[in-house]
Amino acid sequence: MCMVEDMTNIILLTIDCFRYDRCGFNGHHENTTPFIDKLAGESIIFDNAFATGPYTTESAPGIFAGRHSFNSHYFNSHAWKAIPENSDTIASYLSEHGFETLAVLSNPI
């Protein structure tokens, strides 16, 4: 049950291999991202975002749990990154503050 009467929706949209400079809402001259442009018109956009690693498995722990990739690894492999079990994440924080959370993933890693 949500504890806030007028709850704001939060959508964290991550897209792998995405060119921010090719988005209409960011000034690109072609209609390359109409759905995202519409969503952006109703959203707060953060223009200064920095990856915690050079590729997806290095960056995901930073996005979802505020961790640098060197603090995360999958079992005994430093090449495959994962958020350690029972770590605080953006989803756990939001859940603790009355939000319902859902993740939809297409990346099997």
Side-chain angles (χ1 to χ4, degrees):
M1 177 90 180
C2 183
M3 297 167 53
V4 179
E5 251 180 71
D6 186 23
M7 183 59 69
T8 300
N9 291 320
I10 299 171
I11 298 172
L12 173 61
L13 176 65
T14 61
I15 303 172
D16 201 2
C17 301
F18 187 66
R19 291 281 307 262
Y20 181 69
D21 63 339
R22 296 292 192 249
C23 295
F25 72 86
N26 193 38
H28 188 60
H29 63 280
E30 293 184 26
N31 188 23
T32 54
T33 54
F35 175 77
I36 295 174
D37 296 343
K38 184 177 181 204
L39 183 62
E42 305 169 12
S43 304
I44 297 171
I45 306 298
F46 295 90
D47 289 316
N48 294 317
F50 301 93
T52 57
Y55 49 93
T56 305
T57 59
E58 295 281 329
S59 295
I63 295 168
F64 302 119
R67 301 176 71 89
H68 289 285
S69 64
F70 60 80
N71 290 331
S72 307
H73 58 88
Y74 185 68
F75 296 108
N76 293 325
S77 172
H78 290 281
W80 295 96
K81 304 298 179 179
I83 300 166
E85 217 172 301
N86 298 320
S87 293
D88 290 330
T89 64
I90 192 168
S92 65
Y93 177 86
L94 291 171
S95 181
E96 290 168 7
H97 289 85
F99 286 84
E100 293 181 27
T101 61
L102 168 74
V104 178
L105 310 170
S106 62
N107 187 333
I109 298 171

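Because the structure is predicted, anything quoted here is derived from the model rather than measured. Start at 1 with the first residue, then count along the sequence.
- Under the side chain to side chain donor-acceptor pair (under 3.5 Å) criterion, Tyr93 pairs with no residue at all, not counting sequence neighbours.
- Residue Thr101 comes nearest to Ser95 through the heavy atom pair CG2-N, 4.2 Å, listed as atom of the first residue, atom of the second, then distance.
- As a member of the Ile/Leu/Val/Met/Phe/Trp/Tyr network built from side-chain separations under 4.5 Å, Leu105 groups with nothing else and remains a singleton.
- With sequence neighbours excluded, no residue forms a side chain to side chain donor-acceptor pair (under 3.5 Å) with Asn86.
- Summarising the geometry of Phe64 relative to Leu12, their closest heavy-atom pair is CE2-CD2, 3.9 Å, with the distance given to 0.1 Å.
- What you find for Ser87 and Ser92 is that their closest heavy atoms are O-OG, 4.4 Å.
- Under the salt bridge (Lys or Arg N to Asp or Glu O under 4.0 Å) criterion, Asp47 pairs with no residue at all, not counting sequence neighbours.
- Ile10 pairs by the side-chain contact (heavy atoms from CB on, under 4.5 Å) definition with Leu94, Phe99, not counting sequence neighbours.
- For the residue pair Ala65 and Asp88, the shortest heavy atom distance occurs at CB-O, 3.4 Å.
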Show the atom names and distances, to 0.1 Å, of all donor-acceptor pairs under 3.5 Å that link a side chain in residues 31-46 to residues at least two apart or in another chain.
unit_1 : atom_1 : unit_2 : atom_2 : d
Thr32  : OG1    : Arg22  : O      : 2.3
Thr33  : OG1    : Gly24  : N      : 3.1
Thr33  : OG1    : Asp37  : OD1    : 2.8
Thr33  : OG1    : Asp37  : OD2    : 3.4
Asp37  : OD1    : Gly24  : N      : 3.2
Asp37  : OD1    : Phe25  : N      : 2.9
Ser43  : OG     : Leu39  : O      : 2.4

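- Separation of atoms CD (Glu30) and SG (Cys23) is listed at 12.5 Å; rounding is to 0.5 Å.
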